[in-house]
Number of protein chains: 2
Amino acid sequence: MAIHSHTKENYLKALYLMSLERENVSINELASRLNLKMPTVTSMMQKLAADKLIKYEKYRPIQLTEKGKKEAGLIIRKHRLTEMFLVQIMNFGWEEVHDIAEQIEHINSPEFFKKMDEMLGYPDKDPHGSPIPDRSGHIELTDHKSLCDYQVGKTVKISGLAQSHDEFLVFLNRKNIGLGTVMTIIGKEDYDGTMKIKLGKKELVLTQTVCEQLFAEPV
Amino acid sequence: MAIHSHTKENYLKALYLMSLERENVSINELASRLNLKMPTVTSMMQKLAADKLIKYEKYRPIQLTEKGKKEAGLIIRKHRLTEMFLVQIMNFGWEEVHDIAEQIEHINSPEFFKKMDEMLGYPDKDPHGSPIPDRSGHIELTDHKSLCDYQVGKTVKISGLAQSHDEFLVFLNRKNIGLGTVMTIIGKEDYDGTMKIKLGKKELVLTQTVCEQLFAEPV
DNA sequence: ATAAAAAATTAGATGCATCTAATAATATAT
DNA sequence: ATATATTATTAGATGCATCTAATTTTTTAT
Ligand SMILES: [Mn+2]
Ligand SMILES: [Mn+2]
Ligand SMILES: [Mn+2]
Ligand SMILES: [Mn+2]
């Protein structure tokens, strides 16, 4: 396992993550996600199919094989372990780690990631609340409930993010919202979905767009 | 700075390290060092010359420019900082870190290496006693005295290694010799250069080949 | 059902890093 | 000094990952 080019690994990872959202990944979507032109992607799909990493027939949507899912899972595992390591051990902020992990995920050294895993005490979530695949590449899919779905009066704990772009993370930092933050829903505006939240002693207003990106669990 | 391919970085590093030993690096030597054929190297030299990283004229030995030395120094810095991090922070043995550092040295993230440096307390030597270039890529060249050059009766401290191949490091582990190990020279065989050494309570015999690879300073 | 738009494929080119085979220059040994 | 061996360069090919332009297939809208 894991003797694929840096490039192929990035395709596999993108395919895996995209197929969690939109069942049926198209050449087009993959191309925009990876900032490549469609013919480039088509040509790579032919190679990945030859490697038995995807099931691919002309003009049909792309699907990872079990082998492909496993390989993808192992790369995502390295990415998320790395993010966790950067935050927990090296003291980076959760908004600083993605680009570094994007590179380190391609390091070929089981010992290196084994050691990270040990040092971190075998975590099962990354710093953004995303699940870390196990050593065989399998992801435990937890179904998340968005903050929006809770009613006024409920006290909940933030357990994950639907998206972790740096600007969103920085926004959350400013609002003092992080993984594990506990908050009470004190109001909800039906018209535009805005929520009023009590967080510690402070109250704040979150737009629907923000609430949709926050996963929460009752507490 | 540092927008060179992984490949070019490896050439630069090899050039730098080789030119510390044998003034005047040849295409041939570079080719064997990097496990490449000569035409491959010739062709890359033309590219590095175009980038002003080396001074190169057909059939003449190769020399790094100041720019080239700086870039090489920065890669070596990343390599050695990484080795130090792996040993000090992640608890790897000094014989396990080279191959991992060989990959991580290509990571493009000043913040990542800055953080390593901080966590390590700004070390100036790697786990094998080799100097870590400063942030501008400059190496402080310390001239080492080999263990061979000391006389019977002297007590010395191991301060570096002429070479750090894994098998040698494992050999030293077995003999309980590491960086900082203090030993007294209790005998020397002129015929074959073998040295008899007292290390703690134990005595051991080191062949000339081994002694030549050990750097030591008086203590 | 047909036309128009969007998506995907094929064909052909480019740049990078590598190779082998052929040739040329330099160094070495007689 | 000449022949031989070594080292280096050129020429030309290959594989990978990418591109643009042209073509084909599929989807959508009228
Ligand atoms: Mn990546
Ligand atoms: Mn993450
Ligand atoms: Mn390297
Ligand atoms: Mn070292």
Side-chain angles (χ1 to χ4, degrees), chain A residues 2-16 18-19 21-64 68 71-72 75 102-103 105-106 108, chain B residues 2-16 18-19 21-64 68 71-72 75 102-103 105-106 108:
Chain A
I3 336 106
H4 302 107
S5 69
H6 185 120
T7 308
K8 279 184 185 172
E9 290 189 346
N10 284 337
Y11 278 92
L12 287 175
K13 192 162 58 107
L15 273 169
Y16 194 121
M18 290 171 79
S19 59
E21 321 248 308
R22 43 199 118 220
E23 193 53 56
N24 271 3
V25 177
S26 72
I27 297 279
N28 204 307
E29 288 160 336
L30 195 45
S32 4
R33 165 90 164 218
L34 296 172
N35 283 301
L36 297 168
K37 304 298 176 181
M38 285 199 306
T40 305
V41 173
T42 299
S43 133
M44 183 57 83
M45 290 309 101
Q46 292 161 350
K47 292 175 201 163
L48 292 181
D51 296 346
K52 309 273 189 213
L53 293 163
I54 61 171
K55 226 174 104 251
Y56 168 68
E57 284 167 294
K58 273 193 192 187
Y59 299 105
R60 301 256 77 84
I62 303 144
Q63 280 183 285
L64 285 166
E71 300 289 348
I75 301 155
E102 203 58 47
Q103 298 179 65
E105 70 192 1
H106 304 291
N108 176 12
Chain B
I3 339 109
H4 303 106
S5 69
H6 185 122
T7 308
K8 277 183 185 171
E9 290 189 346
N10 284 337
Y11 277 91
L12 286 175
K13 192 163 57 109
L15 273 169
Y16 194 120
M18 290 171 80
S19 59
E21 320 249 308
R22 45 199 114 221
E23 194 53 56
N24 271 2
V25 177
S26 71
I27 298 278
N28 204 309
E29 287 160 337
L30 237 195
S32 3
R33 167 88 164 221
L34 297 172
N35 284 302
L36 297 168
K37 305 298 177 180
M38 286 201 303
T40 306
V41 173
T42 300
S43 133
M44 183 57 83
M45 291 308 102
Q46 292 160 350
K47 292 174 201 164
L48 293 180
D51 296 345
K52 308 275 189 209
L53 293 163
I54 61 170
K55 227 176 104 245
Y56 168 69
E57 285 168 293
K58 270 192 192 187
Y59 300 105
R60 300 258 78 85
I62 303 143
Q63 280 183 286
L64 285 165
E71 301 289 349
I75 301 155
E102 203 58 47
Q103 298 179 66
E105 70 192 1
H106 304 291
N108 178 11

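As the structure is a computational prediction, the values presented were derived from the model and not from experiment. Letters A, B, ... are given to chains in the order of the sequence lines, protein chains preceding strands, and every chain is numbered from 1.
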> Contact class for A:Ser43 (heavy atom, under 4.0 Å): base, sugar-phosphate, or nothing?
Replying inline: base
>> Quick one about A:Gln46 and A:Ser43 (side-chain donor to acceptor, distance below 3.5 Å, no hydrogens or angles considered), yes or no?
In response: no
> Could you state the NE2-P distance from B:His106 to C:dA17, rounded to the nearest angstrom?
Replying inline: 12 Å
>> Nearest heavy atom decides the nucleotide; on that basis, is B:Val41 or A:Asn35 closer to the 5' end of DNA chain D?
In response: B:Val41
>> On the nucleotide C:dA6, are OP1 or OP2 found under 4.0 Å from the side-chain N or O atoms that A:Tyr59 carries?
In response: no
> How close or far is atom P of C:dT18 from atom NZ of B:Lys8, stated in whole angstroms?
Replying inline: 11 Å
> Does OP1 or OP2 of D:dT9 have a side-chain N or O of B:Thr42 closer than 4.0 Å?
Replying inline: yes
> Given atom CE of B:Met38 and atom C1' of C:dT23, what is their separation to the nearest angstrom?
Replying inline: 12 Å
>> Regarding A:Thr40, tell me which of base, sugar-phosphate or nothing describes its non-hydrogen contacts under 4.0 Å with the strands shown.
In response: base
> Tell me: NZ of B:Lys37 to C1' of D:dA13, nearest whole Å?
Replying inline: 16 Å
> Considering all heavy atoms of both residues, which atom of A:Ala14 and which atom of A:Leu34 are nearest to each other, and what is their separation?
Replying inline: CB-CD2, 3.9 Å
> What heavy-atom pair brings B:Leu30 and B:Tyr11 nearest, and what distance separates the two atoms?
Replying inline: CD1-CD2, 4.3 Å
>> Any side-chain N or O of A:Asn28 below 4.0 angstrom from OP1/OP2 of C:dA8?
In response: yes
> Counting side-chain heavy atoms from C-beta on, which of C:dA17, D:dA17, D:dT9 comes nearest to B:Tyr56?
Replying inline: D:dT9
> Nearest to the side chain of A:Tyr11 - D:dT18, C:dT9, D:dA8?
Replying inline: D:dT18
>> How many whole angstroms separate atom NZ of A:Lys47 from atom P of D:dT18?
In response: 8 Å
> A:Lys58 has an atom NZ; how far is it from atom P of D:dT24, in whole Å?
Replying inline: 11 Å
> Of all heavy-atom pairs between A:Met44 and A:Thr7, which one has the smallest distance, and what is that distance?
Replying inline: CE-CG2, 3.9 Å
> Between A:Glu9 and A:His4, do the side chains contain an N or O donor and an N or O acceptor separated by less than 3.5 Å?
Replying inline: no
> D:dT7 P sits how many Å from B:Glu29 CD, rounded?
Replying inline: 9 Å
> A:Gln46 has an atom CD; how far is it from atom P of D:dG15, in whole Å?
Replying inline: 16 Å
